[in-house]
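Remarks on the structure that follows.
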Amino acid sequence: MNLYNWLYLAIGLSLGWLLAQFNKISNPVTEKENVNTLLQQLKQTQLAYEMAREMSQFKAGFLARTTHELRSPLNGLIGLHQLILADLCENPAEEREFIGQAHERSLKLLKLIDEVLTVARTEHGTNKLNIQPQQLTQILQEVHKLTYMLAANRNFNFTLSLPDPEIQVLADFNWLRQILVSLVDITISQMEEGKIHLSSMVADKNNHVHIWLDVPTHAVITSESIDLMKYEYSTDENNTAFSPGMKLIINQTLLEVMGGKLEILPSPTEPELIRLQISITAQRK
């Protein structure tokens, strides 16, 4: 094939490409599809930005948020003592019941404080983590085993896609497992309907493994933004716990100590889902 033949071939290919682009632009159906795709991508980008900003603001005010979280159960405890001290109990049996409730709430409040102290000590290196190469498959299997019944009891479909058994991550086994269990628990507590999917992927470019928890949008966000300050204190002593937002920031902090990161991203495939993404260092063999 001589030079002119190569030139004719190049011109033909170029004209074919230009004609295809023109058809895309001139075709109203294709143009509408392109616009819809761009709008969807723009919406996902805006949502990801809002989530990142909310998480950043929440972490910046960690002390204020912690105080807010602990104040509600403390107010309930004070209220019970005020009833007792004001002699508003109808009889000794009711007074003893209130004292018992106050005692139980004191223990649960102490447990919340201990959780905050554990995170603080871990973040500052007082509590040493046992960071070793861990088999990712084993961690994900244990997380699914510990949580799938929680989803099944509420008729939520919880599926697991296992990675290559050879994949390892640098992490503290117990802490990473607990973080993932906590994220699944947060999701289930917020869900009304839908499905949960746990999976992972190796990101070759930055030597990290991404662990993905795909969940319904309504389980993570409220009114187009993350409601990190949502906390409804219940008189039910069994419900005394940190809010979903507080649990997220605790998990994020623990992951950072292990060199990882927690992000909330739009699902790349299903608009009705949100992706909780954990990025953690991979161990190469």
About how many Å separate [atom2] of [Y] and [atom1] of [X], when rounded to the nearest 0.5 Å?
X: Asn130; Y: Asn174; atom1: CG; atom2: CG; result: 8.5 Å
X: Leu213; Y: Leu183; atom1: CG; atom2: CG; result: 6.5 Å
X: Leu265; Y: Leu273; atom1: CG; atom2: CG; result: 13.0 Å
X: Leu276; Y: Ile196; atom1: CG; atom2: CD1; result: 10.0 Å
X: Ile186; Y: Leu248; atom1: CD1; atom2: CG; result: 4.5 Å
X: Gln277; Y: His208; atom1: CD; atom2: NE2; result: 10.5 Å

Cluster link [X] to [Y], ILVMFWY, side chain under 4.5 Å:
X: Leu107; Y: Leu117; answer: no
X: Ile113; Y: Ile78; answer: yes
X: Trp212; Y: Leu160; answer: no

- [ ] Using the side chain to side chain contact (heavy atoms under 4.5 Å, CB included) rule, take Arg105 and Leu109 through it: C-alpha gap first, then chi angles, then the decisive distance, then the call.
- [x] CA-CA 6 Å; Arg105 294 185 187 186; Leu109 182 58; over 6 Å; no
Min side-chain heavy-atom separation [X]-[Y] under 4.5 Å:
X: Leu254; Y: Leu176; answer: no
X: His218; Y: Met191; answer: yes
X: Ser200; Y: Leu140; answer: yes
X: Pro216; Y: Glu192; answer: no
X: Gln252; Y: Ile249; answer: yes
X: Phe158; Y: Val184; answer: yes

Contacts of [X] that satisfy side chain to side chain donor-acceptor pair (under 3.5 Å) - sequence neighbours left out:
X: Ser161; result: His197
X: Asp185; result: none
X: Trp175; result: none
X: Lys111; result: none

- [ ] Scan residues 83-98 for pairs that pass side chain to side chain donor-acceptor pair (under 3.5 Å), counting only residues two or more places apart or in two chains.
- [x]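 Those involving residues 83-98 are Glu97-Gln101.
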Can you name the nearest heavy-atom pair linking [X] to [Y], along with the distance?
X: Arg154; Y: Ile188; answer: NH1-O, 2.5 Å
X: Ser279; Y: His210; answer: OG-ND1, 2.9 Å
X: Thr281; Y: Gly259; answer: OG1-O, 4.2 Å

- [ ] List, by chain and then residue number, the residues other than Leu80 in its hydrophobic cluster (Ile/Leu/Val/Met/Phe/Trp/Tyr, side-chain heavy atoms under 4.5 Å); write none if there are no others.
- [x]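 Members other than Leu80 - counting any ILVMFWY side chain reachable under 4.5 Å - are Leu83, Ile84, Leu88, Phe98, Ile99.
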Open item on the list: So does Ala171 get a backbone contact from the side chain of Gln134, meaning a donor-acceptor N/O pair under 3.5 Å?
Closed with: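 Checking the backbone N and O of Ala171 against the side chain of Gln134, a donor-acceptor pair under 3.5 Å is found.
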Task: Main-chain N/O of Gln178 paired with Ser182 side-chain donor or acceptor, under 3.5 Å - done: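 Checking the backbone N and O of Gln178 against the side chain of Ser182, no donor-acceptor pair under 3.5 Å is found.
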TODO: Applying side-chain contact (heavy atoms from CB on, under 4.5 Å), name anything that partners His81, two or more places apart in sequence or on another chain.
DONE: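 Here the qualifying residues are Leu77, Ala102.
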Open item on the list: Holding to side-chain contact (heavy atoms from CB on, under 4.5 Å), I want the full list of residues that pass it with Ile131, two or more places apart in sequence or in another chain.
Closed with: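 Residues passing side-chain contact (heavy atoms from CB on, under 4.5 Å) with Ile131: Leu129, Leu170, Met258.
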- [ ] Just grab all the salt bridge (Lys or Arg N to Asp or Glu O under 4.0 Å) pairs involving residues 170-180, residues at least two apart or on different chains.
- [x]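 Every pair satisfying salt bridge (Lys or Arg N to Asp or Glu O under 4.0 Å) with a residue in residues 170-180: Glu142-Arg177.
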Open item on the list: Restricting to ring pair (Phe, Tyr, Trp, His ring centres under 6.0 Å), what partner residues turn up for Tyr148, sequence neighbours left out?
Closed with: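 With sequence neighbours excluded, Tyr148 shows a ring pair (Phe, Tyr, Trp, His ring centres under 6.0 Å) to His144, given in chain and number order.
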